[in-house]
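Ligands are counted one by one from 1 in listed order, and the atoms in each one are counted from 1 as well. Just so you know, residue 1 is the first one in the sequence shown, and it goes up from there. These numbers were taken from a predicted model, which means no experiment stands behind them.
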Amino acid sequence: MPAIKVRTDMMDSKPYAPGLTIEEIKEKYDLDTVIKLASNENPLGASPMAQKAINRHAPSVFRYPHNGNPRLNKAIAQRTGVSEEQIISGNGSDEILDLLVRIKANPGQDEVLTYESCFSMYRLMSRLCAVNFRQIPRAEGHKQPLKALAAAVSEKTAIVFMTSPDNPTGLAVTVDEVRELASAIPEQTLLVIDEAYIEFARPAEKYDMRGLLNEFPNMVLTRTFSKAYGLAGLRIGYGIMSPQLAGYINSARAPFTVNLLAEEAGIAVLKDEAFFNTTMDVVLRGRELYTKEIRAMGCEVLESQSNFIMFKPYPGNPEKDAMEVFEALLKRGIIVRPLKSFGLGEYIRVNMGTDSENKTFLKALKEVL
Ligand SMILES: Cc1ncc(COP(=O)(O)O)c(C=O)c1O
């Protein structure tokens with residue numbers, strides 16, 4: 001039988017490598033309980049109102065959802081204070097990132113520009129679309145290199161991707177800094193700000209880019225229901241952009257990618273103020289605690305505006321690998337994210353859990369160090 005061939009540039013693709021699941025860890029280390037603090041999920045679990053909506057609509061799943069999810073878009077528009085024509089919802093914000101690359105960048109000609117140690121999806125989506133992917137070094141202290149990004153844009157740059165609050169550093173850039181970047185970028189280059197963690201940034205008005213959308217029609221914000229809204233498993237995200245760009249995407253995209261239960265749960269969770277507010281309380285309290293306690297253990301901790309922090313367990317000792325800490329925590333039933341795959345081998349990323357999970361993690365970390 002002849003071997004199947006695919007596009008030559010796809011033959012050596014490596015699959016996305018998510019961490020081990022809770023069940024896999026339990027089995028491997030013979031543990032009864034495992035605390036997962038590795039994927040920046042919501043510590044409270046799923047909103048009760050979202051769960052009720054899923055149950056209520058389960059009998060309807062033999063129907064197709066309404067194409068383009070107009071009810072969900074309307075609910076998102078109301079919540080975010082923009083018009084419905086500016087919203088594209090998708091199967092996770094990953095789908096929005098994918099659609100942006102596909103609609104904007106010419107395969108084999110254009111490039112996507114971002115910085116090193118960034119969220120891996122920008123590279124993956126660019127490769128899939130046969131678009132060159134270029135990264136520049138981060139600024140001092142792992143900051144987003146805004147001035148260098150502006151300087152690195154070329155006539156081939158179809159999209160600049162920037163994450164704020166950033167994954168994996170947790171660092172956020174201000175509205176004024178982004179205005180300066182946007183002013184320096186050509187009108188025909190999209191500036192995509194990935195705001196997957198924006199709900200956790202404080203003070204909100206310093207970091208929230210919505211006010212810039214009218215000034216810069218080439219700006220796009222992407223957001224998600226996977227973090228602050230606790231629906232990672234349902235896969236819902238959205239983009240906020242100019243109505244014209246949204247129109248192009250709507251005309252070109254595959255239909256029905258946000259399924260019926262996801263749509264109903266998304267609409268329900270936007271009304272669940274109690275769930276959202278408790279999530280914010282727990283995460284912000286945990287962030288303060290982590291930062292203070294982990295610094296007190298002698299680690300380097302970055303200033304996070306997100307629902308996770310990035311830290312270097314042994315700042316004075318580059319010989320010591322963060323992998324050791326990761327593995328020692330794993331044996332104690334705590335999953336964190338070592339950042340080797342981001343090119344930051346000396347660092348670990350850990351998200352805030354419930355108050356009691358945070359306490360257990362900090363105790364374990366102290367023992368390990
Ligand atoms: C920076 C960033 N963008 C986007 C996403 C993807 O979110 P979604 O679950 O909506 O696809 C993540 C998920 O971890 C992320 O960290």
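Tyr290 does not carry Arg295 over the face of its six-membered ring by the limits of under 6.0 Å from the centre and within 45° of the normal. Phe308 carries Arg349 over the face of its six-membered ring, with the cationic atom under 6.0 Å from the centre and within 45° of the normal.
A salt bridge between Arg102 and Asp98 is present, with a side-chain N of the basic residue lying under 4.0 Å from a carboxylate O of the acidic one. A salt bridge is absent between Glu95 and Arg235: the closest approach of a Lys/Arg side-chain nitrogen to an acidic carboxylate oxygen does not fall below 4.0 angstrom. Using a 4.0 Å cut-off between a side-chain N of Lys or Arg and a carboxylate O of Asp or Glu, Lys340 and Asp321 qualify as a salt bridge. Using a 4.0 Å cut-off between charged side-chain N and carboxylate O, Glu264 and Arg71 make a salt bridge.
With no hydrogens or angles considered, no side-chain donor-acceptor pair links Thr222 and Glu195 at under 3.5 Å. Side-chain contact of Thr21 with Glu24: a donor-acceptor pair under 3.5 Å is present, judged by distance alone.
Counting atoms of ligand 1 from 1 in the listed order, those under 4.0 Å from a heavy atom of Thr163 are 1 (C). Each of the following atoms of ligand 1 lies closer than 4.0 Å to a heavy atom of Ser226: 8 (P), 9 (O), 10 (O). Listed by number with element, the atoms of ligand 1 under 4.0 angstrom from any heavy atom of Thr224 are 7 (O), 8 (P), 9 (O), 10 (O). In the vicinity of Tyr197, heavy-atom distances shorter than 4.0 Å reach the ligand 1 atoms 1 (C), 13 (C), 14 (O), 15 (C), 16 (O). Annotation for ligand 1: atoms under 4.0 Å from non-hydrogen atoms of Arg235 are 8 (P), 9 (O), 11 (O).
Nearest to atom 7 (O) of ligand 1 among the protein's heavy atoms is Ser93 OG, 3.1 Å. Scanning the protein for heavy atoms near atom 4 (C) of ligand 1, the closest one is Phe119 CE2, 3.3 Å. Looking at atom 14 (O) of ligand 1, its nearest protein heavy atom turns out to be Lys227 NZ, 2.9 Å. Scanning the protein heavy atoms around atom 6 (C) of ligand 1, the nearest turns out to be Asp94 OD1, 3.2 Å. Atom 2 (C) of ligand 1 has as its closest protein heavy atom Asp194 OD2, 3.4 Å.
For a threshold of 3.5 Å applied to N or O pairs, the pair formed by Asn91 and ligand 1 contains no separation below that value. The shortest N or O to N or O distance between Asn167 and ligand 1 is under 3.5 Å.
Not a single heavy atom of Met121 sits closer than 4.0 Å to an atom of ligand 1.
More than 12 heavy atoms of other residues, nucleotides or ligands sit less than 6.0 Å from atom NZ of Lys26.
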